[in-house]
Amino acid sequence: MNYFQSSSSMIVVALLTFGIAYVHSASAEEVGERWGTEERERAFYPMVSIPLPKETVIEAGAFALLPDGRVAVGTRHGEIYIIESVDDEKPNPRFHRFASGLDEIFGLSWKERSFLVTQSCELTRVSDSDGDNIADRFETISDAWGYANYHEYAFGSKPDSAGNLFIALGLSESYHSYALNRGFIMKVAPDGATTAFASGLRSPGGIGHDEHGALFYIESQGPWNCSCSLKAVTKGSFHGHPASFPWYKTAPELGPVPVMPTSGTRVITERHRVPELTPYAVIFPYIRMGRSITSFTVNQTRGKFGPFENQLFLGDYTQSIVMRATTEQVKGVWQGACYPFREGLSTGILGVEFTPQGKLLTGGTNRGWPVRGIKPFALERIEWNGKMPFEIERVTIEPEGFKLTFTKPLKKEVGQLVESYQVFAFTHPYHAGYGGPEIEKHQPTVQSIDLSPDGSSAKIKIDRLQPGFVYELDCSRLRTIDDESLLHHYAFYTVNEIPDKVRDVSDGK
């Protein structure tokens with residue numbers, strides 16, 4: 001019989017052809033060049049795979065720590081699993097399914113013997129009333145927003161010191177605001193009272209507080225956003241995308257609708273015309289530093305995770321990486337820097353959380369969009385083995401440049417040379433188009449270096465420091481006193497404000 005005379009065989013061929021085409025298309029999708037540092041990273045921060053129960057799909061969207069040391073994971077399938085022994089040296093954890101029937105969990109907290117669950121449609125309190133370790137009570141705390149499209153994700157913070165949660169609502173179909181309050185951040189009080197808190201979101205990936213207790217959310221690259229970014233949130237702030245403006249009529253607590261932003265300008269200029277517009281606190285240069293940044297968590301492990309205490313650790317979905325970020329406030333405006341940290345994870349990262357023993361738990365999926373990691377879903381643990389990496393620990397701004405702090409002292413002969421530091425700068429257009437190029441690129445001249453006596457930090461003075469620009473600091477020529485090169489030799493600092501020069505009282509002025 002001729003093979004193609006069988007209709008069933010034709011269907012098989014068609015499906016196989018489609019599958020091959022899909023795999024080829026996905027693999028051909030540009031996800032960016034690798035940093036090329038995975039092998040060296042492993043020498044300081046090895047990765048441990050967490051075994052999963054057979055035939056169980058755990059696409060982690062959020063994590064929560066329980067008082068007894070167990071870890072809970074909320075999944076995209078709407079389940080909550082409680083995991084025991086996730087911190088064991090050779091983990092073989094026990095998984096217990098506590099709840100199911102929820103919808104894409106992107107926020108999870110434990111409070112007063114219950115889970116607070118942010119799902120696409122509502123914030124829910126989930127508890128076990130009869131003590132059988134299975135959830136049997138699902139209470140709606142707030143559903144003050146609409147949900148009608150799969151892309152209308154909702155990301156929830158952990159409770160703040162007053163017990164408030166903040167819900168970041170993505171737009172409808174990624175471009176519009178067809179459903180109630182889409183594009184808003186909602187504040188949910190402990191009693192469930194819900195108010196609009198901020199507007200202008202496009203496609204958030206996570207929301208929470210930094211080491212200072214300030215509220216931030218992650219925004220994705222797209223319309224009105226040329227790169228992914230970390231944005232500081234205050235009451236009434238506007239974050240750049242005007243699609244949510246129609247809902248101001250139902251949110252008098254936000255005040256009047258902001259002035260419509262002008263496409264094709266710059267955020268740094270528009271923020272003076274649109275007072276509510278908040279500039280990006282940290283820009284992650286597209287492809288070089290992530291492509292679809294998701295959740296973040298603060299390292300407060302008291303040294304258990306190495307030299308990066310009180311820094312943010314962020315996952316990226318597409319590139320299967322983890323990055324660092326630091327923030328500071330200058331003249332009342334938040335800004336800061338981002339740094340490479342760890343590549344080579346097995347799937348797209350949607351959730352990150354530090355375990356009770358100070359290890360970084362990561363999880364996610366490759367469902368929906370192209371991902372570098374080869375696994376459809378995974379849980380992995382990054383841990384510090386006690387060896388100190390040579391890294392740029394933190395970048396802060398100075399009146400005429402930057403201060404770089406390192407994890408190891410620099411070799412003086414190299415660290416004090418201007419030739420050891422290169423600085424590059426660029427900005428982005430602020431426009432309604434999807435993404436956008438790096439523009440107005442230039443290379444400021446490094447004029448002088450002030451190396452600290454112990455070699456642990458260096459102040460770089462440059463000839464051109466401007467608000468509204470991202471500065472790449474390339475330190476590839478630096479060496480330690482033991483002639484060690486940097487594990488990651490660059491960082492990116494976003495400048496919104498420049499501090500004033502400290503007046504020198506000795507000069508009589």
Side-chain angles (χ1 to χ4, degrees), residues 58-76 78-84 86 96-129 133 135 137-145 153-169 185-194 197 204-211 213-218 233 294-301 312-315 350-356 360-364 379:
I58 298 182
E59 298 179 328
F63 297 105
L65 302 185
L66 277 61
D68 60 6
R70 293 180 298 168
V71 176
V73 54
T75 76
R76 287 191 70 181
E79 298 171 311
I80 299 174
Y81 285 88
I82 297 177
I83 315 173
E84 297 182 43
V86 73
H96 168 66
R97 192 173 76 169
F98 178 78
S100 60
L102 301 157
D103 187 6
E104 294 205 297
I105 300 171
F106 288 128
L108 189 65
S109 304
W110 176 261
K111 185 178 181 182
E112 298 174 354
R113 302 176 61 83
S114 298
F115 286 106
L116 303 179
V117 184
T118 303
Q119 49 177 327
S120 295
C121 54
E122 66 175 47
L123 175 65
T124 314
R125 181 180 291 109
V126 178
S127 56
D128 167 25
S129 64
N133 294 318
R137 188 172 180 84
F138 297 77
E139 304 169 82
T140 298
I141 300 174
S142 178
D143 59 358
W145 57 88
Y153 302 120
F155 293 83
S157 73
K158 307 289 188 186
D160 66 10
S161 59
N164 303 301
L165 276 84
F166 296 86
I167 313 296
L169 301 172
I185 290 175
M186 309 299 291
K187 176 183 177 182
V188 184
D191 64 358
T194 306
F197 193 75
I207 185 168
H209 297 82
D210 75 347
E211 71 273 24
L215 184 64
F216 288 83
Y217 88 95
I218 287 292
V233 182
T294 50
S295 65
F296 62 89
T297 188
V298 183
N299 175 17
Q300 294 182 324
T301 64
L312 301 180
F313 284 77
L314 313 93
L350 292 174
V352 291
E353 185 67 83
F354 283 99
T355 69
L360 186 61
L361 186 62
T362 71
L379 291 180

Judged by atom type as modelled, is there a donor-acceptor pair below 3.5 Å linking the side chain of [X] to the main-chain atoms of [Y]?
{"X": "Ser142", "Y": "Leu123", "answer": "no"}
{"X": "Ser295", "Y": "Val352", "answer": "yes"}
{"X": "Lys158", "Y": "Leu108", "answer": "yes"}
{"X": "Asn299", "Y": "Thr301", "answer": "yes"}
{"X": "Ser109", "Y": "Gly107", "answer": "no"}

[atom2] on [Y] to [atom1] on [X], rounded to 0.5 Å:
{"X": "Leu379", "Y": "Thr362", "atom1": "CG", "atom2": "OG1", "answer": "7.5 Å"}
{"X": "Leu361", "Y": "Phe63", "atom1": "CG", "atom2": "CZ", "answer": "4.0 Å"}
{"X": "Ile167", "Y": "Asp143", "atom1": "CD1", "atom2": "CG", "answer": "11.5 Å"}
{"X": "Met186", "Y": "Thr194", "atom1": "CE", "atom2": "OG1", "answer": "6.0 Å"}
{"X": "Lys111", "Y": "Leu165", "atom1": "NZ", "atom2": "CG", "answer": "7.5 Å"}
{"X": "Thr294", "Y": "Phe106", "atom1": "OG1", "atom2": "CZ", "answer": "9.0 Å"}

Nearest heavy-atom pair of [X] and [Y]: which atoms, and what distance?
{"X": "Phe296", "Y": "Ile207", "value": "CZ-C, 4.0 Å"}
{"X": "Leu169", "Y": "Ala154", "value": "CD2-CB, 3.8 Å"}
{"X": "Leu66", "Y": "Ala72", "value": "CD1-CB, 3.8 Å"}
{"X": "Leu65", "Y": "Thr355", "value": "CD2-CA, 4.3 Å"}
{"X": "Val126", "Y": "Ala135", "value": "CG1-CB, 3.5 Å"}
{"X": "Pro190", "Y": "Asn164", "value": "CD-OD1, 3.4 Å"}

Subject >> Pair Leu350-Arg76, side chain to side chain contact (heavy atoms under 4.5 Å, CB included): steps then yes or no >> reply: CA-CA 10 Å; Leu350 292 174; Arg76 287 191 70 181; 3.6 Å; yes

**OP:** Report the C-alpha separation of Leu312 and Phe216 in whole Å, then their side-chain angles, then the decisive distance to 0.1 Å, and conclude whether the side chain to side chain contact (heavy atoms under 4.5 Å, CB included) test is met.
**Re:** CA-CA 11 Å; Leu312 301 180; Phe216 288 83; 5.6 Å; no

Subject >> Heavy-atom check, side chain of Val233 versus side chain of Phe166, under 4.5 Å >> reply: no

Original post:
Would you say the ring centroid of Tyr217 lies under 6.0 angstrom from that of Phe155?
Top reply: no

Original post:
With sequence neighbours left out, which residue pairs that include part of residues 114-127 fulfil the side chain to side chain donor-acceptor pair (under 3.5 Å) condition?
Top reply: Gln119-Thr124, Glu122-Thr124, Glu122-Thr140

Original post:
Are Phe354 and Gln300 close enough, and set up right, to give a side chain to side chain contact (heavy atoms under 4.5 Å, CB included), and what steps lead you there?
Top reply: CA-CA 8 Å; Phe354 283 99; Gln300 294 182 324; over 6 Å; no

Side chains of residues 96-103: which donor-acceptor pairs under 3.5 Å do they make with residues two or more places apart or in other chains?
residue	atom	partner	partner atom	Å
His96	NE2	Asn133	O	2.4
Arg97	NH1	Glu79	OE2	2.8
Asp103	OD2	Tyr147	OH	3.0

